[in-house]
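Here's the structure, in structure tokens; my notes come after.
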Amino acid sequence: MTTRKTYAEHRDELMRRYPQGATPGGVAIDDIIQLRLQNTFPTHLDIARAMAPVMRADMAAYDADPSKFTQSLGCWSGFHAQQMIKSVKRLRGTTKGAYVYLSGWMVAGLRNRFGHLPDQSMHEKTSVVDLIEEIYVSLRQADEVAVNDLFKALKKARQEGDAVAQQAAIRAIDGFETHVVPIIADIDAGFGNEHATYLLAKEMIKAGACCLQIENQVSDAKQCGHQDGKVTVPREDFIEKLRACRLAFEELGVDEGVIVARTDSLGAGLTQKVPVSQADGDHAADYIKWLKTEPITTDAPLRDGELAIYKDGDFVRPVRMPNGLFAFQEGSGRARVVEDCIASLTDGGADLLWIETDTPNVDEIASMVAEIRKVVPNAKLTYNNSPSFNWTLNLRNQVRAQWVAEGKIHQDSYPEGASLMSAEFDGTDLGREADERLARFQVDIAARAGVFHNLITLPTFHLTAKSMDELSRGYFGDDRMKAYVNSVQREEIRRGVSAVKHQHEVGSDLGDTFKEMVAGERALKAGGHANTMNQFAAE
């Protein structure tokens with residue numbers, strides 16, 4: 001990552017050019033310095049080039065210590081991403097280890113000109129690119145607002161002649177940490193062939209993405225990983241798309257760009273085509289061996305239009321669906337996932353894996369990763385802590401099953417199945433144990449299952465729905481303004497959420513500062529004594 005010049009370095013450079021302390025047009029050099037430092041990245045491609053080494057350093061840190069895993073939340077607007085990163089910064093004092101996840105599901109469902117649509121690659125190709133761009137505009141604006149506040153503190157200290165405060169303000173300016181963090185961007189299945197994948201990958205990288213996540217489903221039959229009807233492509237096809245993404249990174253000078261290879265094979269029972277094997281044990285042969293087949297006999301002969309393949313010394317009929325797709329053997333998903341992952345790492349050049357699972361089960365993921373690591377010892381995962389899982393029910397059932405097996409409880413101590421979701425179990429030993437496992441789930445899966453990055457794909461979708469329901473029920477009910485104040489504003493103030501001063505959050509003070517830069521005392525500013533934002537305490 002390029003080292004930024006310090007305040008003093010900028011000032012020395014500008015004083016050599018303008019010894020009088022201002023340009024011939026009267027622009028003060030401190031104003032030039034502020035604008036330079038507010039503009040944390042020249043272009044969004046520079047963001048991709050800067051963020052890729054951040055991810056690489058985090059991956060190396062995780063290899064040395066699995067407790068140093070990273071996290072992200074899926075965001076469907078720039079404002080969601082901005083507020084998430086601001087919250088992380090308030091909590092930790094740094095953004096390190098926090099990324100933004102950009103979900104194709106949320107783009108399809110919420111950012112789609114065609115309407116609210118399911119996760120089937122029916123959104124416009126450019127809508128993901130547009131959202132990457134928007135997120136980085138919002139994160140850079142957070143930088144601008146924050147740096148402007150730091151320069152206001154410096155100006156105030158100068159006006160008051162407080163040398164100690166001046167030095168403190170300059171240290172704060174030089175130590176400022178950007179709100180810009182890596183984005184893991186979902187390119188779905190590439191929206192077409194390998195060339196289409198390459199072209200779209202380039203646009204996403206130019207918009208700022210240092211990490212692309214691509215899945216091994218068929219582009220034109222793409223399904224959400226948590227739905228039925230998934231169709232995978234042969235491994236050679238997927239490897240070609242991984243290489244297309246790598247070429248896009250290399251062409252644009254993002255040498256350390258990160259690729260996440262996602263396999264949906266665990267839940268996919270179909271494939272698009274039968275690949276051609278050139279030698280025993282090649283990718284095609286290892287893919288074909290999992291096809292579901294039927295014997296060709298005199299009672300069930302090969303009919304016109306049917307296919308046969310030679311397998312284990314006999315010609316057999318691969319089971320073909322009415323739509324022409326081929327079926328895999330039942331129960332082969334786990335083995336196919338392991339092989340898919342190894343091929344993606346060794347021949348596709350992927351950096352991280354994504355295994356989409358049916359339930360949040362640490363043991364299940366860990367067992368698959370152990371198989372992969374026999375071939376690729378440093379294999380690492382990105383894991384979807386998905387809202388598609390009923391976390392409460394899954395974890396409670398897991399605890400119940402374990403305790404029954406260990407003899408800790410009788411099988412009748414707690415009911416089995418959906419009834420465990422009831423609130424009556426919240427305060428029980430089982431409910432508390434499940435909640436404790438929820439709290440440490442990411443720590444456990446990072447330590448035991450090679451999960452470098454924990455994400456939640458759709459949290460802001462569900463959060464927005466829940467928050468709007470909460471506010472609407474009160475506001476349109478009997479509480480009216482009390483509902484807004486209690487559930488929103490009072491909590492913003494008490495938590496120190498900067499967005500409570502909404503004018504400041506969207507750059508009103510930035511505008512005032514710029515007007516002062518060019519107009520001095522003539523500037524017509526919005527932040528005077530009549531600004532109602534003055535009713536709120538300082539951040």
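The figures here come from the full heavy-atom set of this structure, side chains too, leaving out hydrogens, waters and symmetry mates.
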(message) Counting only heavy atoms from other residues, nucleotides and ligands, does the tally under 6.0 Å from CZ of Arg495 exceed 12?
(response) no
(request) Go through the steps for Val218 and Thr232 under the test side chain to side chain contact (heavy atoms under 4.5 Å, CB included), then give the verdict. (result) CA-CA 6 Å; Val218 177; Thr232 61; over 6 Å; no
(message) With a 4.5 Å cut-off on side-chain heavy atoms, are Pro360 and Asn385 touching?
(response) no
(message) Whether the Asn39 and Arg140 side chains hold a donor-acceptor pair (N or O, under 3.5 Å, no angle test) is what I'd like checked.
(response) yes
(message) Within the 3.5 Å criterion, strictly below it, is a donor on Ser127 or Asp130 matched to an acceptor on the partner's side chain?
(response) no
(request) Could you grab the distance from atom CZ of Phe41 to atom CG of Asp46, nearest 0.5 Å is fine? (result) 8.5 Å
(message) Checking Asp58 against Tyr99: is there a side-chain donor and acceptor pair closer than 3.5 Å?
(response) yes
(request) Return the set of residues passing side chain to side chain donor-acceptor pair (under 3.5 Å) with Gln34 (not counting sequence neighbours), or none when no residue passes. (result) Gln38, Asn148
(request) Quick one: do Ile184 and Leu102 satisfy side chain to side chain contact (heavy atoms under 4.5 Å, CB included)? Show the steps, please. (result) CA-CA 6 Å; Ile184 297 176; Leu102 194 163; over 6 Å; no
(request) Starting at OG of Ser472, measure out to CD of Glu470 and round the result to the nearest 0.5 Å. (result) 10.0 Å
(message) Taking Lys155 first and then Asp30, would you say they form a salt bridge - that is, a charged N and a carboxylate O separated by under 4.0 Å?
(response) no
(message) Is it the case that the side chains of Thr94 and Glu177 hold a donor-acceptor pair, with the cut-off being a distance below 3.5 Å and no angle test?
(response) yes
(message) Is it the case that the side chains of Gln217 and Asp264 hold a donor-acceptor pair, with the cut-off being a distance below 3.5 Å and no angle test?
(response) yes
(message) Can you tell whether the side chains of Glu203 and Lys206 come within less than 4.0 Å, N to carboxylate O?
(response) yes
(request) Any chance you could lay out the side chain to side chain contact (heavy atoms under 4.5 Å, CB included) test for Thr197 and Glu240, step after step, and finish with the verdict? (result) CA-CA 10 Å; Thr197 300; Glu240 288 164 6; over 6 Å; no
(message) Suppose we call two aromatic rings close when their centres sit under 6.0 Å apart. Are Tyr383 and His453 close by that rule?
(response) no
(request) Mind running side chain to side chain donor-acceptor pair (under 3.5 Å) on Asn378 and Arg373 for me, showing each step along the way? (result) CA-CA 7 Å; Asn378 69 337; Arg373 284 185 163 179; over 6 Å; no
(request) Examine Lys89 relative to Phe176 and say whether NZ or CZ is less than 6.0 Å from the centre of the six-membered ring and inside a 45° cone about the ring axis. (result) yes
(message) Would you compute the distance between atom OG1 of Thr457 and atom CG of Leu73 and round it to the nearest 0.5 angstrom?
(response) 10.0 Å
(request) Would you tell me whether Lys152 and Thr513 have side-chain atoms, one donor and one acceptor, within less than 3.5 Å of each other? (result) no
(request) Answer yes when Arg49 and Asp255 have at least one side-chain N-carboxylate O distance shorter than 4.0 Å, and no when they do not. (result) no
(message) By the side-chain hydrogen bond (donor to acceptor under 3.5 Å, both in side chains) test, which pairs, at least two apart or in different chains, include something from residues 245-254?
(response) Tyr198-Glu251, Lys202-Glu251, Arg246-Asp351
(request) Please say which of Thr126, Ile205, Val129, Leu212 ends up in a side-chain contact (heavy atoms from CB on, under 4.5 Å) with Leu200. (result) Val129
(request) Kindly assign one of parallel, tilted or perpendicular to the pair Trp105 and Phe461, based on the angle between their ring planes and the thresholds 30° and 60°. (result) perpendicular
(message) For Thr40 and Asp143, which I'm curious about, is there any donor-acceptor pair between the side chains at under 3.5 Å?
(response) yes
(request) Give me the ring orientation class for Tyr62 and Phe452: parallel if the planes are under 30° apart, tilted from 30 to 60°, perpendicular past 60°. (result) perpendicular
(request) Enter the distance from Leu352:CG to Met55:CE here, rounded to the nearest 0.5 Å. (result) 5.5 Å
